[in-house]
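A short worksheet on the structure shown next.
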Amino acid sequence: MSDASPEKNTALMEKIVSLCKRRGFIFQSAEIYGGLNGCWDYGPLGAELKRNLKEYWWRKNVQEREDILGLDGSILTHQAVLKASGHVGGFSDPMCDCLLSNARLRADQIVPQSGTVYWFTGASHAESGWSVERDYGVLAMAGDDESKVRKTARQYYAQFLADKQISPKTLELTGERTEAMTETTRFNPENGSLLTEARAFNLMFQTRMGASSDESDESSIAYLRPETAQSIFVQFKNVLDSSRVKLPFGIAQIGKSFRNEINPRNFTFRSREFEQMEIEFFCRPEDGLRLTDEWLERRLTFYEEIGIPREHLHVLDIPDGERAFYSAKTYDIEYEFPFGIQELEGVAYRTDYDLGVHQKGSGKSMEYFDEETKEKILPHVVEPSAGCDRTVLALICEAFEEETVTDEKGKEEIRTVLRFSPRIAPIKVGIFPLLKNKPELVEKAREIQKILSPFMTVFYDEAAAIGRRYRRQDEVGTPYCVTVDFDTIGENGEELKDTVTLRERDSMKQERIPIAKLREFLLDRIQ
RNA sequence: GCGGGUAUAGCUUAGUGGUAAAGCCCUAGCCUUCCAAGCUAGUUAUGUGGGUUCGAUUCCCACUACCCGCUCCA
């Protein structure tokens with residue numbers, strides 16, 4: 001996808017989805033039962049790919065740093081945590097629908113209006129005897145005349161007509177009365193039509209804990225966490241007290257989060273169950289903005305290291321007024337997916353908002369005592385929060401390529417190849433005996449499999465012609481293949497004995513390498 | 001959530017109100033000395049549930065899922 005265009009590319013995305021299923025990267029959840037909306041399962045290769053991503057992230061951010069510590073919090077979350085964080089009250093959108101156009105509107109974003117409301121109780125059609133009783137209203141703003149209002153009402157009632165041949169114009173409106181209203185948000189500013197009652201659509205999955213939990217017992221309510229961040233904030237004190245760390249330091253977590261998205265879309269990109277890779281990096285207030293910029297750079301480097309080049313990433317500096325209310329600075333790192341430029345990760349400076357609300361909510365101090373300055377401070381926090389599933393999808397999209405190759409006879413064909421970085425490729429090396437009906441070759445290949453498999457994911461394959469086996473591995477992104485031939489078993493002299501052909505995925509070049517050096521050679525390239 | 005579209009084998013596509021076809025893939029065997037070779041054999045499908053009908057994969061209805069647009073994404 002080196003020539004990725006920002007325009008939508010549905011055909012490309014369909015090919016990628018098809019490959020993911022065919023080769024066992026990603027399946028639809030509960031497919032044999034018709035599928036579960038917005039849920040996906042990772043197949044054998046997808047599981048390897050995702051694991052490689054998570055392990056590399058953990059290695060770079062936890063293992064190789066002494067100032068970041070790991071955490072693995074529970075998914076089931078105490079309701080008090082999410083009340084304090086603002087999710088119970090605020091993690092919802094009041095939505096209402098226009099009764100006329102069915103447009104969906106955010107109730108809290110409707111500009112209040114004033115005018116005269118015309119109420120009706122129903123409509124009838126004298127000729128056919130049809131009638132409907134249903135309350136409806138239209139807001140007439142200054143300048144609207146009555147005929148326009150009645151036309152809107154007739155269009156509304158016409159929706160209930162069984163006979164679509166009847167013109168809305170011939171309907172009689174019943175029960176008309178008027179009412180003056182000021183600053184109302186119950187009507188669609190576009191057309192004056194009455195809206196449905198606002199319904200809160202909370203994006204959190206709620207559950208009840210305990211065997212005896214009954215519907216009326218509010219205290220049994222728990223939630224599936226909508227982000228991994230909260231368990232980090234809630235355990236901030238415990239980590240601090242148990243680990244003897246000093247500011248600045250971070251707590252990292254990889255784990256599942258759940259949001260009841262209204263509209264899951266774009267394959268695994270927006271799912272209801274998803275995995276996050278988050279760091280909360282705590283610091284002194286004066287360092288927050290600087291560290292936000294530093295983290296942005298560090299994260300961009302990370303994406304380059306796993307094979308997503310900087311030129312396919314976009315950094316969005318979210319302007320004042322568009323950031324979440326708690327954030328003093330936010331960068332979005334976006335990737336050019338075939339379906340558009342979409343967010344992979346947010347790097348947000350959350351100030352002391354989170355520790356502040358939990359200090360208030362729990363009544364427990366979240367303060368940090370600085371031994372040098374002898375002062376107590378409430379640390380600020382910088383949060384690089386990456387979507388794991390989104391990054392896996394980006395890795396697959398970035399790696400996908402259909403290459404035209406010409407064989408010796410001049411015949412052109414399409415080679416589908418996933419150009420994964422060796423570091424994250426699900427299978428590191430394919431091991432083939434040149435021929436499967438020669439026991440010496442098979443035996444030697446099995447030996448090599450045994451040597452390498454403790455160190456990396458290997459795939460042994462003896463079926464079909466050697467070229468086909470190479471292509472199979474190309475399609476799943478295996479960077480190297482090793483072939484055992486007659487040289488290996490010493491048929492062509494001592495100097496070639498115990499050497500194998502090493503074939504590289506991208507160049508399709510082959511070189512001769514001693515079996516004894518294979519492990520080191522491969523490990524050098526996949527670390 | 002609204003509107004539009006789609007649903008036949010692992011994939012890509014035929015087709016039919018009366019036994020569902022092909023190519024690729026896959027599996028096994030033979031053969032085969034490095035880039036999807038050949039021969040033989042084989043497995044596998046009408047998304048789910050109703051209705052109409054003697055009979056439905058085909059017609060009708062509902063549901064589900066996916067795709068596109070809108071909406072939404074603290």
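Note on naming: letters A, B, ... go to the chains in the order of the sequence lines (proteins, then strands), and numbering restarts at 1 for each one.
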Below the 4.0 Å mark, does B/A37 have OP1 or OP2 next to a side-chain nitrogen or oxygen of A/R468?
yes
Parallel, tilted or perpendicular for A/F25 and A/F420, by the 30°/60° rule?
tilted
Which atom names give the shortest non-hydrogen contact between A/V500 and A/T483, and what distance separates them?
CB-O, 3.5 Å
So that I can tick it off, tell me whether A/D461 and A/R468 are bridged by a salt bridge, with the cut-off set at under 4.0 angstrom between side-chain N and carboxylate O.
no
Taking the C1' atom in each of B/U52 and B/C67, what is the distance between them to the nearest angstrom?
31 Å
From the list A/V429, A/V482, A/V458, side-chain contact (heavy atoms from CB on, under 4.5 Å) partner of A/Q449 resolves to A/V458
Can a donor-acceptor pair under 3.5 Å be found between the side-chain atoms of A/R503 and the base atoms of B/C34?
no
Taking the six-membered ring for Trp and the single ring otherwise, decide whether the centroids of A/F269 and A/F267 are under 6.0 Å apart.
no
Between A/E447 and A/K450, does at least one N-O distance fall below 4.0 Å, as a salt bridge requires?
no
Classify the ring geometry between A/F432 and A/Y470 as parallel (under 30°), tilted (30 to 60°) or perpendicular (over 60°).
tilted
For residues 425-435 of chain A, which residues have at least one heavy atom under 4.0 Å from RNA chain B?
A/L434, A/L435
Go through the N and O atoms of the side chain of A/T501 and the base of B/C34, and report whether any donor-acceptor pair is under 3.5 Å.
yes
Rounded off to whole Å, could you give me the CG-to-C1' distance for the A/L36 and B/C63 pair?
15 Å
Roughly how many Å is it from CZ in A/F269 to P in B/C67, rounded to a whole number?
13 Å
Is the closest basic N to carboxylate O distance between A/K438 and A/E491 below 4.0 Å?
no
Below 4.0 angstrom from OP1 or OP2 of B/C25, is there any side-chain N or O of A/R471?
no
Touch class at under 4.0 angstrom, heavy-atom based, for A/T483 against every strand present:
base
Quick one: which residue pairs count as a salt bridge (Lys or Arg N to Asp or Glu O under 4.0 Å) with a foot in residues 383-396 of chain A, not counting sequence neighbours?
A/K50-A/D389, A/R350-A/E383
Roughly, in whole Å, what's the span from CG in A/L496 to P in B/U33?
18 Å
Taking every heavy atom of A/F486 against every heavy atom of A/N492, the minimum-distance pair comes out as C-ND2, 4.1 Å
Between A/K509 and A/N437, who's closer to the 5' end of RNA chain B by nearest nucleotide?
A/N437
Answer with base, sugar-phosphate or nothing: what part of the nucleic acid does A/E491 contact at a heavy-atom distance below 4.0 Å?
base
To the nearest Å, give me how far apart CD (A/E343) and C1' (B/C72) are.
15 Å
From B/C26, B/C34, B/C67, pick the nucleotide closest to the side chain of A/R472?
B/C26
Select one nucleotide: of B/C34, B/A74, B/C11, the one nearest the side-chain heavy atoms of A/Q510.
B/C34
How many whole angstroms separate atom CD of A/E413 from atom P of B/C24?
14 Å
Nearest-angstrom distance, C1' atom, B/C59 to B/U27:
39 Å
If you go through the side-chain atoms of A/N263, does one of them form a donor-acceptor pair with the base of B/C72 closer than 3.5 Å?
no
Taking the side chain of A/R512 as heavy atoms from C-beta outward, which of B/C34, B/C35, B/C67 is closest to it?
B/C34
So, is A/R323 near the phosphate of B/A74, with a side-chain N or O under 4.0 Å from OP1 or OP2?
no
Could you tell me the separation between the CD atom of A/Q473 and the P atom of B/C35, rounded to a whole number of Å?
17 Å
What is the distance, rounded to the nearest whole Å, between atom NZ of A/K21 and atom P of B/C66?
13 Å
A/Q28 side-chain proximity, nearest of B/A65, B/A74, B/C34:
B/A65
In whole Å, what separates the P atom of B/G17 from that of B/C60?
13 Å
A/Y33 OH - B/A65 P separation (whole Å):
16 Å
B/A7 versus B/A45 - spacing of their C1' atoms, nearest Å
12 Å
Separation between the C1' atoms of B/C11 and B/C26, rounded to whole Å:
11 Å
Please give the distance between the P atoms of B/G3 and B/A62 as a whole number of Å.
12 Å
Please give the distance between the C1' atoms of B/G18 and B/U57 as a whole number of Å.
12 Å
Does a side-chain N or O from A/K436 land closer than 4.0 Å to OP1 or OP2 of B/G29, or not?
yes
Within the structure shown, what part of the strands sits under 4.0 Å from A/G24 by heavy-atom distance: base, sugar-phosphate, or nothing?
nothing
Taking the C1' atom of each, how far is B/C31 from B/G23, in whole Å?
24 Å
Assess whether a salt bridge exists between A/E403 and A/R415, defined as any Lys/Arg side-chain N lying under 4.0 Å from an Asp/Glu carboxylate O.
yes
base_contact_polar (B/A74 base, A/E227 side chain, donor-acceptor, <3.5 Å):
yes
Can you say whether a donor on the side chain of A/Y470 sits under 3.5 Å from an acceptor on the base of B/A36, or the other way round?
no
Going by atom types alone, do A/S231 and A/Q253 pair a side-chain donor with an acceptor below 3.5 Å?
yes
Is there a donor and acceptor pair closer than 3.5 Å between the side chain of A/R265 and the base of B/G69?
yes
Consecutive-pair stems (3 or more, Watson-Crick or G-U, under 3.5 Å) for RNA chain B:
B:1-7 with B:64-70, B:10-13 with B:21-24, B:26-30 with B:38-42, B:47-51 with B:59-63
